[in-house]
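Everything on this sheet refers to the single structure shown next.
Labels below follow one simple rule: chain letters A, B, ... track the order of the sequence lines, proteins then strands, and each chain is numbered from 1. What you see is a predicted model; the values in this text were computed from it and never measured. These values consider heavy atoms only, across backbone and side chains, with no hydrogens, waters or symmetry-generated copies.
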Amino acid sequence: MRDRRCLSPDAPSPLPCVPPHTQPDVFIRPVTAGSFSGTRIVTMRLSRSFLPTLRETPSEAQIASHRLMLRAGLIRQTASGIYAWLPAGLRVLRHIGQIVREEQDAIGGQEVLMPTLQPAELWKRSGRYDAYGPEMLRIRDRHERDLLYGPTNEEMITDLFGQSIRSYKELPQVLYHIQWKFRDEVRPRFGVMRGREFLMKDAYSFDISYEAAVDTYRRMMLAYLRTFQRLGVRAVPMVADTGPIGGDLSHEFLILAPTGESGVFYDGELETLDWLSDPVDISDSASLDKFFSNLTSYYAATDEKHEEGAWSQVPESRRREGRGIEVGHIFYFGTKYTRAMDITVAGPDSTPVCPEMGSYGIGVSRLVGAIIEACHDEAGIIWPDSVAPFKAVIINLKTGDATCDAFCEQLYAAAPEQFLYDDRTDRAGAKFADADLMGHPWQLIVGPRGAKEGKVELKRRATGERFELSVDEALAKVLDR
RNA sequence: CGGGCAGUAGCGCAGUCUGGUAGCGCAUCAGUCUGGGGGACUGGGGGUCGUGGGUUCGAAUCCCGCCUGCCCGACCA
């Protein structure tokens, strides 16, 4: 009770409170199955949960993903381009974050967490404080110190790196974090796809030479391909503008969707490649080179980099043309920041060397919208299994019926953390409509007739297939995926 | 930042032109009947009409300012 400064959100605080978004996204809290005596277990029973679905579309939402995210109770808008994430939406965000994390770790990435607020001084050192423009949200604290809400973290990570790394022997380093960013977009739109505040994974690499940086870049390329495949979407890497550096070391990853902001042209073969079972030895340069050469032999470019000559070489039946949503961007930029900020390590001959850097972003919150753009129908969202907020919804068609209730409880107890239990007393139609809207991969439908015979009806959201199964069979099918 | 549109109940909207007791559908609450694709009936609750000023006996409605949001374009993960 002595110091409640940061415990009472409304009280004027003598010290600035920690912005809520600097709290790490890393905790997935296991919910205990038991309950305290006398209290009710509140987990994901729909009758007790905060998953407010909307029957009608709020007038501000135009495109499918924005409409569906509001209707399915994933988000609520707080201000233009700024959203609160509700329980179901937050689960998706975490599932995406977790897959991203695993694939970054798999190529030797180390997770850190840098703050959202940064001192202006850091950006003055790189020269970007003046260069960045009005997209940067500038803040002044009570001591009249200039701060900014970070739109990206190159300066900060470079400074952090320079403080501790002294020798080429400590390279390479790949550091990443998943953190909220802010860019004061002139015109936020499309819900979370073009928000001002957004959750992003950004990774930064440090290498001793150009050759080593290229290997790192290629490893990251592979990690991205695997990440997007695991997320259940096809994000195609396209040659992107490299700016003043030149070379072929910048790629944007785009998900094909009619509402995309860029025009895209690519070889359809790219959609058939399987990166999860392709054995690439990421510790071997030659192996990485083979992988990269193979990948880049297929044509893929946004309209900005499109070349009719090369495009005409792609067999006509394989040409894919449309619009794409950018969900990732990888970039090699050499010594731009290490040089500007005078960060060096000792090289093999003991002379100081500015490390070669790259940065690699994935728009985590944007992906939620982008995935929905790619995965929905008239009735609602169709979540890929890997990111769905819940593996399945248990639909009790007759809440209050002893047999149905007991049956549903039995199902729910099998995986209370992965299931949503619709125990509301609403009519079947309303429950079906909400289930389709929220897009759970599976629906476990329990009605009086089936329950008596020990059968549950399993519906696959994506295909509409239905199966009459025993409890064990149904659980095996749902949980094995 | 230019151009356009809009703020009335939780959501979707009517009412504004022509000033006169603030409405409809859905949602919500109580009850009855229902019970496999947003069911029916009865009865309730909920709005200082974005905001500040002005005109008027009287303003959601007319006039002026401001704020907020959306759409189209130029710019970005």
Which residues satisfy the side chain to side chain contact (heavy atoms under 4.5 Å, CB included) test with V186(A), sequence neighbours excluded? none
Across all chains, not counting sequence neighbours, the side chain to side chain contact (heavy atoms under 4.5 Å, CB included) partners of A430(A) are D426(A)
At a cut-off of 3.5 Å, list every protein nitrogen or oxygen paired with a nitrogen or oxygen from nucleotides 26-28 of chain B, distance to 0.1 Å.
unit_1: C26(B); atom_1: O3'; unit_2: R55(A); atom_2: NH1; d: 3.3

Any Lys/Arg nitrogen of [X] or [Y] sitting under 4.0 Å from an Asp/Glu carboxylate oxygen of the other?
X	Y	value
D401(A)	K452(A)	no
E111(A)	K201(A)	no
E457(A)	R466(A)	yes

Measuring only the [atom1] atom in each nucleotide, how far is [N] from [M]? A whole number of Å is fine.
N	M	atom1	value
G47(B)	G12(B)	C1'	16 Å
C24(B)	U18(B)	C1'	22 Å
G15(B)	U61(B)	P	15 Å
C49(B)	G7(B)	C1'	10 Å
C1(B)	C76(B)	C1'	15 Å
A60(B)	G50(B)	C1'	12 Å
A74(B)	G2(B)	C1'	9 Å
U51(B)	C67(B)	P	15 Å

In the strands shown, is [N] matched to any nucleotide by a Watson-Crick or G-U wobble pair with both distances under 3.5 Å, and which?
N	answer
G65(B)	U51(B)
G19(B)	none
C75(B)	none
C70(B)	G4(B)
U42(B)	A30(B)
A9(B)	none

Please check if atom CD in E60(A) has more than 12 non-hydrogen atoms from other residues, nucleotides or ligands closer than 6.0 Å. yes
Is it the case that over 12 heavy atoms from other parts of the model lie below 6.0 angstrom from the CZ atom of R76(A)? yes
Tell me what [X] touches on the nucleic acid: a base, only sugar-phosphate, or nothing, going by heavy atoms under 4.0 Å.
X	result
T57(A)	sugar-phosphate
L54(A)	nothing
T425(A)	base
D202(A)	nothing
A428(A)	sugar-phosphate
K459(A)	base

Going by modelled atom types, is there a donor-acceptor pair between the base of G39(B) and the side chain of R427(A) at under 3.5 Å? yes
Pick out which of E261(A), H66(A), R187(A), R183(A) makes a side-chain contact (heavy atoms from CB on, under 4.5 Å) with R194(A). E261(A)
Just how far, in rounded Å, is [atom2] of [N] from [atom1] of [X]?
X	N	atom1	atom2	result
I82(A)	U68(B)	CD1	P	12 Å
L70(A)	G12(B)	CG	C1'	14 Å
R71(A)	G12(B)	CZ	C1'	12 Å
K398(A)	C33(B)	NZ	P	13 Å
R76(A)	G10(B)	CZ	C1'	9 Å
D422(A)	G36(B)	CG	C1'	13 Å
L68(A)	C11(B)	CG	C1'	16 Å

With R67(A) via salt bridge (charged side-chain N to carboxylate O under 4.0 Å, His left out) - residues at least two apart: none
By side-chain hydrogen bond (donor to acceptor under 3.5 Å, both in side chains) - contacts of E373(A) (at least two apart): S65(A), T259(A)
Is the Lys NZ or Arg CZ of R138(A) less than 6.0 Å from the centre of Y129(A)'s six-membered ring, within 45° of the axis? yes
Given protein heavy atoms under 4.0 Å, the one-letter contact record of nucleotides 70-77 of chain B, with B base, S sugar-phosphate only and - none, is simply SBBBBBBB
